[in-house]
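Here's the structure, in C-alpha cells; my notes come after.
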Amino acid sequence: MQIDETDRRILTALSDHARRPVADLARDLGLARSTVQARIERMEDTGVIAGYTLRLGGSVRPGVRATVLLGIEPRSEPEVLKRLTALREVDSVHTTSGRYDLMVQMSADTTERINDALDQIVMARGVRSTESLIHLSQKLDRGR
C-alpha cells in the first residue's frame, strides 16, 4: 500500500501518543475527524499499522538488559532459534550482516539470570562464537 504525506503525519502523531483521541489528532493535524479515522482504519486493514502495544516504564522494566551477538555454523539457524525461543530472557532475535549472524536482545531482573541464559545460549549446538554487551544506561528510546 502506498502512503502519502497525510498518512505519514498521522503515523508520526500516533507514534508520539497512540492512545490519543482521533478528534484531538484531527484537530492538531488540521484534518476532518472522519478523514483521520478512515485513514487509520485503512492503515490497520492493510498492515501499515500492525498493532498497538504497551511499553513498560522504567520502574517495572527488568533491571538488566543485554545484547548478545552470535556467530553460528552454516544451516544451524533453526536449531539455535529453537534454543533462543525457549529462554524467557530473550526478547528479540535479528539476523545481521557482518561478522555476526544473529543479534539477541535480552532482559532480566538480575545479572545472574542474564549469565545463566548466556550459558544456555553458548551450549546450543551450532553456536560458534558470542559477544555480550550489557546495557548500562539508555540515552534515547524512540519506541519504534
Side-chain angles (χ1 to χ4, degrees), residues 1-111 113-114 116-118 120-122 124-144:
M1 176 189 141
Q2 289 256 320
I3 61 173
D4 62 15
E5 185 57 34
T6 300
D7 292 332
R8 289 183 203 291
R9 289 176 53 217
I10 293 169
L11 291 171
T12 298
L14 286 172
S15 69
D16 291 339
H17 181 20
R19 292 188 52 170
R20 209 161 150 203
V22 173
D24 292 350
L25 191 62
R27 183 178 54 250
D28 291 348
L29 295 173
L31 299 168
R33 188 204 58 73
S34 59
T35 299
V36 173
Q37 183 67 49
R39 284 177 175 254
I40 289 172
E41 288 173 4
R42 179 178 47 88
M43 288 188 285
E44 289 171 343
D45 291 344
T46 59
V48 171
I49 297 175
Y52 302 89
T53 187
L54 171 70
R55 288 183 24 200
L56 297 175
S59 63
V60 294
R61 213 177 297 149
V64 183
R65 296 181 40 99
T67 298
V68 181
L69 303 170
L70 300 179
I72 61 174
E73 300 293 335
R75 294 179 295 285
S76 65
E77 185 176 308
E79 189 170 341
V80 173
L81 283 173
K82 185 176 179 182
R83 174 67 64 105
L84 294 172
T85 301
L87 296 171
R88 190 174 70 195
E89 294 81 7
V90 172
D91 297 322
S92 65
V93 179
H94 305 269
T95 58
T96 63
S97 63
R99 195 168 98 201
Y100 294 98
D101 303 298
L102 299 175
M103 180 178 71
V104 181
Q105 298 291 323
M106 301 175 63
S107 61
D109 294 329
T110 65
T111 54
R113 282 193 44 212
I114 292 283
D116 291 345
L118 287 171
Q120 294 295 311
I121 291 171
V122 171
R125 184 177 309 162
V127 173
R128 184 177 62 236
S129 63
T130 66
E131 183 172 341
S132 303
L133 308 163
I134 302 298
H135 301 195
L136 299 177
S137 67
Q138 183 171 311
K139 302 295 184 184
L140 176 68
D141 179 8
R142 295 194 195 274
R144 297 181 200 164

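A heavy-atom distance below 4.5 Å is not found between the side chains of R39 and R9. Between V80 and V93 there is no side-chain heavy-atom pair separated by less than 4.5 Å. D101 places none of its side-chain heavy atoms less than 4.5 Å from the side chain of T95. With contacts defined as side-chain heavy-atom distances shorter than 4.5 Å, the pair T111/I134 does not qualify. In this structure, E89 and D116 have side chains that are not in contact, with every pair of non-hydrogen atoms separated by 4.5 Å or more. Between L11 and I3 there is a side-chain heavy-atom pair separated by less than 4.5 Å.
Residues R88 and R113 approach most closely at NH2-NH2, 2.9 Å, considering heavy atoms. Taking both residues in full, the closest heavy atoms of E73 and S76 are given as O-OG, 2.6 Å, listed atom of the first, atom of the second, then distance. Nearest heavy-atom pair across T67 and M103 is CG2-CG, 3.6 Å. Across S107 and D91, no two heavy atoms sit closer than the pair OG-OD2, 2.7 Å. The minimum heavy-atom distance between M43 and I10, with the atom names listed, is CE-CG2, 3.9 Å.
Heavy atoms of other residues, nucleotides or ligands lying less than 6.0 angstrom from CZ of R42 number more than 12.
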Name the atoms and distances for all side-chain donor-acceptor pairs under 3.5 Å in residues 126-133, with sequence neighbours left out.
| unit_1 | atom_1 | unit_2 | atom_2 | d |
| --- | --- | --- | --- | --- |
| R128 | NH1 | I72 | O | 2.8 |
| E131 | OE1 | R99 | NH2 | 3.2 |
| E131 | OE1 | Y100 | OH | 2.7 |

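Residues meeting the salt bridge (Lys or Arg N to Asp or Glu O under 4.0 Å) test with E79, sequence neighbours left out: R125.
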L87 vs V104, test: side-chain contact (heavy atoms from CB on, under 4.5 Å). Steps then yes/no.
CA-CA 11 Å; L87 296 171; V104 181; over 6 Å; no

Run R27 and D24 through salt bridge (Lys or Arg N to Asp or Glu O under 4.0 Å) and show every step you take.
CA-CA 5 Å; R27 183 178 54 250; D24 292 350; 2.9 Å; yes

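Among I121, L69, L84, the one residue that satisfies the side-chain contact (heavy atoms from CB on, under 4.5 Å) test with L102 is L84.
A donor-acceptor distance shorter than 3.5 angstrom exists from the side chain of R83 to the backbone of Q120, with no hydrogens or angles considered.
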